[in-house]
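A short write-up of the structure that comes next.
Computed from a predicted model, the values in this text were never measured in an experiment. We count ligands from 1, going down the list as the structure has it; atoms in each ligand are counted the same way.
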Amino acid sequence: MLIVMRHGASDEEVHRVIAVIEELGYQARSMPGAQRVAVGLVGNDGRVDASRLEGLPGVQEVIHVSKPYKQVSREWQTEATIVRLPGGVAVGGSDVVAMAGPCSVENERQILDAARAVREAGAVVLRGGAFKPRTSPYAFQGLGRPGLKLLAKAREETGLLVCTEAMDPDGVGWVSEVADIIQLGARNMQNYSLLKAAGRAGKPVLLKRGISATLTELLLSAEYLLAEGNHDVILCERGVRGFDPATRNILDLTAIPLVHKLSHLPIVADPSHGTGLRDQVIPMARAAVAAGADGIMIEVHPDPTKALSDGAQSLYPQQFAQLMREVRVIAEVVGRRIAEPVPVGA
Ligand code: PEP
Ligand code: MN
């Protein structure tokens, strides 16, 4: 429930609304806007008597958020959330942010080569998993904590920000020491103890859509993060399981404009996992930018034939450079701009 104050409502009137919400046993969240202040009532279980609030001085209207997710909805917040990262990088504004790198951190040479190549092509964020959720327990599981150190080294050398996955609440602690963005993977989208830990981590989170998750489920998972106090959430469309084995997943591009309609949170597209096929990544990345994605996440490996995970969907560095040239043009057509890389040491 959202209590919208009249333009020019006094501080005392706002405080009175907050006090009544707290008296009723709920949390109040004050949300100053450009035009007027709104106060969110958090944790509404449907029993709140709106008339107690409607009659208070300074209150213009009480809006009942109709969606099951509340704080992530557009009804709750009309302006788009801009997730601010170090170095002035902003996800959710007019910039389109390129995040690129290998599926997994494999060794120092591989991650540094990948970082230099994607930086050179114009990526802003280095992606790469130190902890890997793999379907088979016998597949490469990632380097673990030593992999995080290598990511930190790559950031130091290139100025790239780091996005890397945390798989469990302990991992959230380790990852947040190094990462600029904590990635929560598709398989973990509904791991609620992980969501709660990431919601308290004090770092931006990239939340990937689950393999068979509806958009309502994705937004409800994001709601866990906001409910824990973390408002810096970036959603990621990475494809959903389809019926056709021709592609690894079906990249749901409609999710991009639809999420923008339903929620104020930014959404990026991952056509690497969305297609599973190197040659299909480039056209689908172009399409994602055209559809309004706030960023693209692309797997790039210095030598995909030797990759320890997801080689078949990883671009060669020169393919990524070509893609970046193309999306620069497409971004401009839709009134956006590809974000500039952060200078080293910024
Ligand atoms: C990844 O980003 O490498 C990954 C494991 O992605 P997803 O969680 O979308 O499968
Ligand atoms: Mn991968």
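- A 6.0 Å sphere centred on CZ of Arg337 holds more than 12 heavy atoms belonging to other residues, nucleotides or ligands.
- Pairing each heavy atom of Leu160 with each of Ala123, the nearest pair is CD2-O, 3.3 Å.
- Listed by chain and number, residues touching ligand 1 at under 4.0 Å (heavy atoms only) are Cys103, Arg127, Lys132, Glu165, Gln183, Gly185, Ala186, Arg187, Lys208, Arg238, His273, Glu299.
- Rounded to 10°, the angle that SG of Cys103 and NE2 of His273 form at the Mn ion (ligand 2) is 170°.
- Residue-level check: among N/O/S atoms of Asp310, OD2 sits closest to the Mn ion (ligand 2).
- Glu299 contributes OE2 as its N, O or S atom closest to the Mn ion (ligand 2).
- Nearest heavy atoms, Ala291 versus Ile256: O-CG2, 3.5 Å.
- Side-chain heavy atoms closer than 4.5 Å link hydrophobic residues (I, L, V, M, F, W, Y) into clusters, and following such links, possibly through other members, connects Leu161 to Met297.
- Annotation: Glu120, atom CD; neighbour count of heavy atoms from other residues, nucleotides and ligands within 6.0 Å does not exceed 12.
- In summary, the side chains of His7 and Gln60 do not present any donor paired with an acceptor at a separation below 3.5 Å, with no hydrogens or angles considered.
- For Glu156, the CD atom is loosely surrounded, since the number of other residues' heavy atoms within 6.0 Å does not exceed 12.
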